[in-house]
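Side chains are part of it too, since the values below use all heavy atoms of this structure and drop only hydrogens, waters and symmetry mates. Note that the structure is a prediction, hence the values are computed from the model and not measured. Note that ligands are numbered from 1 as they come in the structure, with each ligand's atoms numbered from 1 the same way.
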Amino acid sequence: MTALLNAMDLNGWASMPGFVDAAASRCLRQECVDACEQGEFKPAGVGQGINLRVREDIRSDQMMWLQPGDTSVEQGIYLAKLELLRLALNERFFLGLFEFEGHFAIYPEGAFYKAHLDRHAGTSDRIVTTILYLNPDWQPGDGGELKLWTTAGDKAGDFVLIEPRMDTLVCFLAGEFWHEVLPAKKTRMSITGWFRQR
Ligand code: OGA
Ligand code: MN
C-alpha cells in the first residue's frame, strides 16, 4: 500500500500487481462470467442521468453495477481492501473520499473505450478511479491495454500501456488523467470504480 501511495503522490497514478490474492480474484472473475451468462450485464453508456446514451462508437463494453448491501464474500474482500485504500488516501492527501461506487466490466473481443476522463459534464464527485483486472494468462498481443497519458490534463505526449493482468489494481485521479482502452483481442474483464467526494 505504501508503494501505491508514494506513486500517487509522485505521479497521480499507480499500478499495483497482486492487490487481491489469487483465490479471491479467480472467484471474482467467475462471478463476472456467471452474471454475464445470466444476462445481468448491459451495454455501458456515456453520460449520466437523462443524458446517458449507449454510444458504441465511443465505448463497447458491457457492465453490471456492484450492489452495496448485496455483495458476495469475494466482493467483500475486495471492497475491504479498497476501504483501507480510501482511508489511506484521505489520511495522506486529505481528499475527503467518502464512498465507493463500482461495476464489473466485460470487453468482448473487439471492444474498446476511446480516450476520456472519468467525470461527467458538470460534476466533480469522482475523484479517484480504481480498476482491478481479472484476466489470467493475459499475453502481449491480446490487446485491451489501458493507455494512460501521464501528464495531468493532457491527452498527448507521454503515456503508459498497462496490460489488464489478473490481480493488478490501477488507480489515478479521475478528472485529470486521460485514458483509453485499446481494442481487446479476447474477452477482458475488470471491476472499475470510483472513490467519490460528497
Ligand atoms: C472506465 C475505464 C479502463 C479499463 O471504465 O471508465 O476507463 O482499463 N476503464 O478498464
Ligand atoms: Mn475511464
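Proximity of Arg188 to ligand 1, defined as any heavy-atom pair under 4.0 Å, is confined to the side chain (atoms from C-beta onward). With a 4.0 Å heavy-atom cut-off, ligand 1 is reached by the side chain of Asp118 but not by its N, CA, C or O. Of all the heavy atoms of Glu180, none lies under 4.0 Å from any atom of ligand 1, so neither backbone nor side chain is involved.
Cluster annotation: Leu97 and Phe177 are assigned to the same hydrophobic cluster (Ile/Leu/Val/Met/Phe/Trp/Tyr, side-chain heavy-atom contacts under 4.5 Å, transitive). Tracing side-chain contacts under 4.5 Å through hydrophobic residues (I, L, V, M, F, W, Y), one reaches Leu132 starting from Leu66; they form part of the same cluster.
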Working for side chain to side chain donor-acceptor pair (under 3.5 Å), residues Asp34 and Gln38: CA-CA 6 Å; Asp34 292 345; Gln38 287 156 23; 5.6 Å; no
Step-by-step side chain to side chain donor-acceptor pair (under 3.5 Å) determination, Asp158 to Thr150: CA-CA 6 Å; Asp158 292 346; Thr150 52; 4.9 Å; no
Chi angles and distances behind the side chain to side chain donor-acceptor pair (under 3.5 Å) call for His179, Asp118: CA-CA 9 Å; His179 58 284; Asp118 283 347; 3.1 Å; yes
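As for His116, its N/O/S atom nearest the Mn ion (ligand 2) is the one called NE2. Asp118 contributes atom OD1 as its closest N/O/S atom to the Mn ion (ligand 2).
Protein heavy atom nearest atom 8 (O) of ligand 1, with residue, atom name and distance: Tyr133 OH, 2.5 Å. In this structure, atom 5 (O) of ligand 1 lies nearest to the protein heavy atom Thr192 CG2, 3.6 Å. Among protein heavy atoms, atom 1 (C) of ligand 1 sits closest to Tyr113 CE1, 3.7 Å.
Between Asn135 and Met189, the shortest heavy-atom contact is OD1-N, 2.7 Å. Shown here for Gly144 and Pro164, the closest heavy-atom pair between the two residues is O-CG, 3.5 Å. For Met1 against Met16, the heavy-atom pair with the smallest separation is N-CE, 4.1 Å.
Taking a cut-off of under 4.0 Å to the non-hydrogen atoms of Leu146, the atoms of ligand 1 that pass are 3 (C), 8 (O). Per-residue contacts place His116 under 4.0 angstrom from the following atoms of ligand 1 (heavy atoms of the residue considered): 1 (C), 2 (C), 6 (O), 7 (O).
For ligand 1, one of its N or O atoms has an N or O atom of His179 under 3.5 Å away.
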